[in-house]
Amino acid sequence: MTAATSGPESPLRGRDLLSIADFSAAEIEAVFERATALKAEFRTKHRHDSLPLGGRTLAMLFQRPSLRTRVTFEAGMTQLGGHAIYLTNDVVLGARESVRDVARNLERFVDAIVVRTGPHEVVAELAANAGIPVINGLTLREHPCQALADLLTIRERYGRLAGLVVAFVGDGNNVYHSLSLAGALFGMEVRLAHPAGYAPNERIVATARAFASKSGGGLTFGNDPAEVVRGADVVYTDAWTSMGQEAETEERRDAFAGFQVNAALMRAAGPDAVVMHCLPAHRGEEITDEVLDGPQSLVWEQSENRLHAQKGLLVELLGEVPVEPDESGARGGQ
Ligand code: CP
Ligand code: NVA
């Protein structure tokens, strides 16, 4: 995006979300509050009385497969009165035309863009050239929409974030990066158990450490999953091989063999710990059926919260279309 078109409603109006580090804790809190209100209304009525995104359009540039991100953004736009256009083979970024030209066209057609691709730089280039909000729907570096839903889920479960311990078991990947930044912003202790060679990005760790030093949170690292999960409130895992790394699948399977979230690891964590996974799960690899489907699993609530968190995000970024009183003086819908 270019200049922020900040309206009175939200300091997030017109902003991009490329990294969790783009937002402050207070701004993320505003997304949570909006999401919580929308969730409560939708759970009760299965619809929204006012349609805050009436007439708004979201372009979805997806260069990678998706279930949750695609469906929750599309359904979310519909539920809020707007429309989403899913673009995959039609727009291969940088192939038929440049990323910059794609941005300069889309900003004239739609109100926001969600983009999923491998290189983070492509999303940054799109955002730099589009005067509308650009949302990172996953790159190899970050998955900020996932982290919004993750913290919303933890907040619902425990009623707070500061002081909680989240232990991530596996790869120091995109999901870990966004979760660690978000957890550090909110004063959480974020631990990572990873095999040698699969440490997270050092710059992201440095940013998260800076956030943690202000919030009272902390970041720790270890190579022994049982030790890292001990006393954790949340045990989190993700795929050993992320999209775009398929050529490394076999070597990663060997490297991560001792990093499975299973019943024995959950015993090490303790009976009160919950289990989270961004999904898709690779049952029998990073997580067992018993844990994923067991009583400590929070993954389905976490998955549902992608919908609510992103609806909150969209309304904060785009602002609410005002509802005009009709001729009888009643507030009409869109
Ligand atoms: N967690 C997540 O982003 O899922 P999808 O890849 O299905 O969108
Ligand atoms: N780390 C995984 C997350 C999928 C939602 C990947 O990038 O493929």
Side-chain angles (χ1 to χ4, degrees), residues 17-20 35 58 60-77 84 86-88 113-123 135-154 166 168-182 190 192-195 197-201 204 234-249 251-253 255-256 259-261 275-283 285-287 292 297-311 313-314:
L17 176 59
L18 307 192
S19 163
I20 279 290
L58 177 70
M60 301 179 55
L61 293 171
F62 275 46
Q63 318 274 272
R64 296 271 192 280
S66 169
L67 171 68
R68 281 146 292 272
T69 309
R70 175 185 178 175
V71 177
T72 52
F73 268 113
E74 286 201 34
M77 282 301 289
Y86 180 70
L87 297 156
T88 178
I113 302 168
V114 180
V115 55
R116 167 171 286 204
T117 189
H120 197 80
E121 298 69 26
V122 169
V123 181
I135 300 167
N136 176 357
L138 179 145
T139 63
L140 275 164
R141 192 184 306 170
E142 272 206 58
H143 197 2
C145 297
Q146 182 67 53
L148 293 179
D150 295 343
L151 263 64
L152 179 65
T153 308
I154 297 169
V166 54
F168 192 103
V169 178
D171 192 12
N173 65 10
N174 45 9
V175 170
Y176 167 79
H177 287 156
S178 294
L179 181 69
S180 65
L181 289 166
V190 185
L192 172 64
H194 68 87
Y198 295 94
N201 178 303
I204 290 185
V234 179
V235 176
Y236 199 121
T237 191
D238 181 19
W240 292 340
T241 302
S242 286
M243 291 180 279
Q245 299 170 334
E246 290 78 3
E248 302 169 20
T249 301
E251 67 189 80
R252 284 174 170 268
R253 210 170 265 150
F256 287 100
F259 289 76
Q260 184 184 67
V261 176
V275 174
M276 296 179 72
H277 189 311
C278 61
L279 304 177
H282 306 81
R283 291 168 176 264
E285 292 194 8
E286 76 274 3
I287 193 163
L292 191 66
S297 174
L298 211 55
V299 299
W300 315 113
E301 193 69 29
Q302 176 188 7
S303 175
E304 179 185 328
N305 277 338
R306 293 293 305 277
L307 175 70
H308 307 300
Q310 288 158 197
K311 283 164 73 175
L313 174 69
L314 288 165

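Order of listing sets the numbers, starting from 1, for every ligand and every atom in it. Along the sequence shown, residues carry numbers from 1.
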**Asked** Near Arg116, which atoms of ligand 1 are under 4.0 Å from a heavy atom of that residue?
**Response** 3 (O), 5 (P), 6 (O), 8 (O)

**Request:** Quick one: closest heavy-atom pair of Gly170 and Phe259, and the distance?
**Result:** N-CD2, 4.4 Å

**Message:** Evaluate Leu138 for polar contact with ligand 2, using N/O atom pairs at a separation under 3.5 Å.
**Reply:** no

**Message:** Testing the 3.5 Å rule here: is there a donor-acceptor pair between the side chains of Ser19 and Glu142?
**Reply:** yes

**Asked** Phe62 ring centre to Arg70 NZ or CZ under 6.0 Å, with the angle to the axis within 45°?
**Response** no

**Prompt:** Looking only at heavy atoms, which two atoms of Ile287 and His277 are closest? And how far apart?
**Reply:** CG2-CD2, 4.0 Å

**Message:** Under 3.5 Å between any N/O of Asn174 and any N/O of ligand 2: does that happen in this structure?
**Reply:** yes

**Fill in**
For Leu192 and Pro200, the nearest pair of non-hydrogen atoms, with its separation, is CD2-CD, 3.5 Å

**Asked** Is the closest heavy-atom distance from Arg64 to ligand 1 below 4.0 Å?
**Response** no

**Message:** Considering both backbone and side-chain atoms of Arg116, is one of its nitrogen or oxygen atoms within less than 3.5 Å of a nitrogen or oxygen in ligand 2?
**Reply:** no

**Asked** Between Thr237 and Glu286, is any side-chain donor less than 3.5 angstrom from a side-chain acceptor?
**Response** no

**Item:** For the student: nearest non-hydrogen atoms of Asn174 and Ser242, plus distance
**Value:** OD1-OG, 4.1 Å

**Asked** What residues, two or more places apart in sequence or in another chain, satisfy salt bridge (charged side-chain N to carboxylate O under 4.0 Å, His left out) together with Glu251?
**Response** none

**Request:** Would you please test Tyr198 and Phe256 for ring pair (Phe, Tyr, Trp, His ring centres under 6.0 Å) and show each step?
**Result:** CA-CA 9 Å; Tyr198 295 94; Phe256 287 100; 4.7 Å; yes

**Asked** What protein heavy atom sits nearest atom 3 (C) of ligand 2, and how far off is it?
**Response** Asp238 OD2, 3.7 Å

**Asked** What are the two closest heavy atoms between Met276 and Asp150, and how far apart are they?
**Response** CE-O, 3.7 Å

**Message:** Need the ligand 1 atom indices (1-based, order shown) with element for anything under 4.0 Å from a heavy-atom of Gln146.
**Reply:** 1 (N), 2 (C), 3 (O)

**Prompt:** Short list, please: which atoms of ligand 2 are under 4.0 Å from a heavy atom of Asn173?
**Reply:** 1 (N)

**Fill in**
Counting from 1 in the order shown, the ligand 1 atoms closer than 4.0 Å to a non-hydrogen atom of His143 are 2 (C), 3 (O)

**Prompt:** Considering only the protein, which heavy-atom contact is closest to atom 5 (C) of ligand 2, and what is its distance?
**Reply:** Leu279 O, 3.6 Å

**Item:** Over all atoms of both residues, closest heavy-atom pair of His143 and Ser178
**Value:** N-OG, 2.8 Å

**Prompt:** Any N or O of Arg70 that comes nearer than 3.5 Å to an N or O of ligand 1?
**Reply:** no

**Asked** What do you reckon, does Pro280 have a nitrogen or oxygen under 3.5 Å from a nitrogen or oxygen of ligand 1?
**Response** no

**Message:** Give me the nearest non-hydrogen protein atom to atom 4 (O) of ligand 1 as residue plus atom name, then the distance to 0.1 Å.
**Reply:** Arg68 NE, 2.8 Å

**Prompt:** What about Ser242: any of its N or O atoms under 3.5 Å from an N or O on ligand 2?
**Reply:** yes

**Residue among Glu246, Glu285, Gln245 satisfying side chain to side chain contact (heavy atoms under 4.5 Å, CB included) with Arg252** = Gln245

**Request:** Could you tell me whether ligand 1 has any atom less than 4.0 Å away from a heavy atom of Leu138?
**Result:** no

**Message:** Check this for me - ligand 1, Met243, N or O atoms closer than 3.5 angstrom, yes or no?
**Reply:** no

**Fill in**
For Leu67, the atoms of ligand 1 under 4.0 Å from one of its heavy atoms are 5 (P), 7 (O), 8 (O)

**Prompt:** Any idea which protein heavy atom is nearest atom 8 (O) of ligand 2, and the distance to it?
**Reply:** Met243 N, 2.8 Å

**Asked** What's the shortest distance from atom 2 (C) of ligand 1 to any protein heavy atom, and which residue and atom give it?
**Response** Arg306 NH1, 3.2 Å

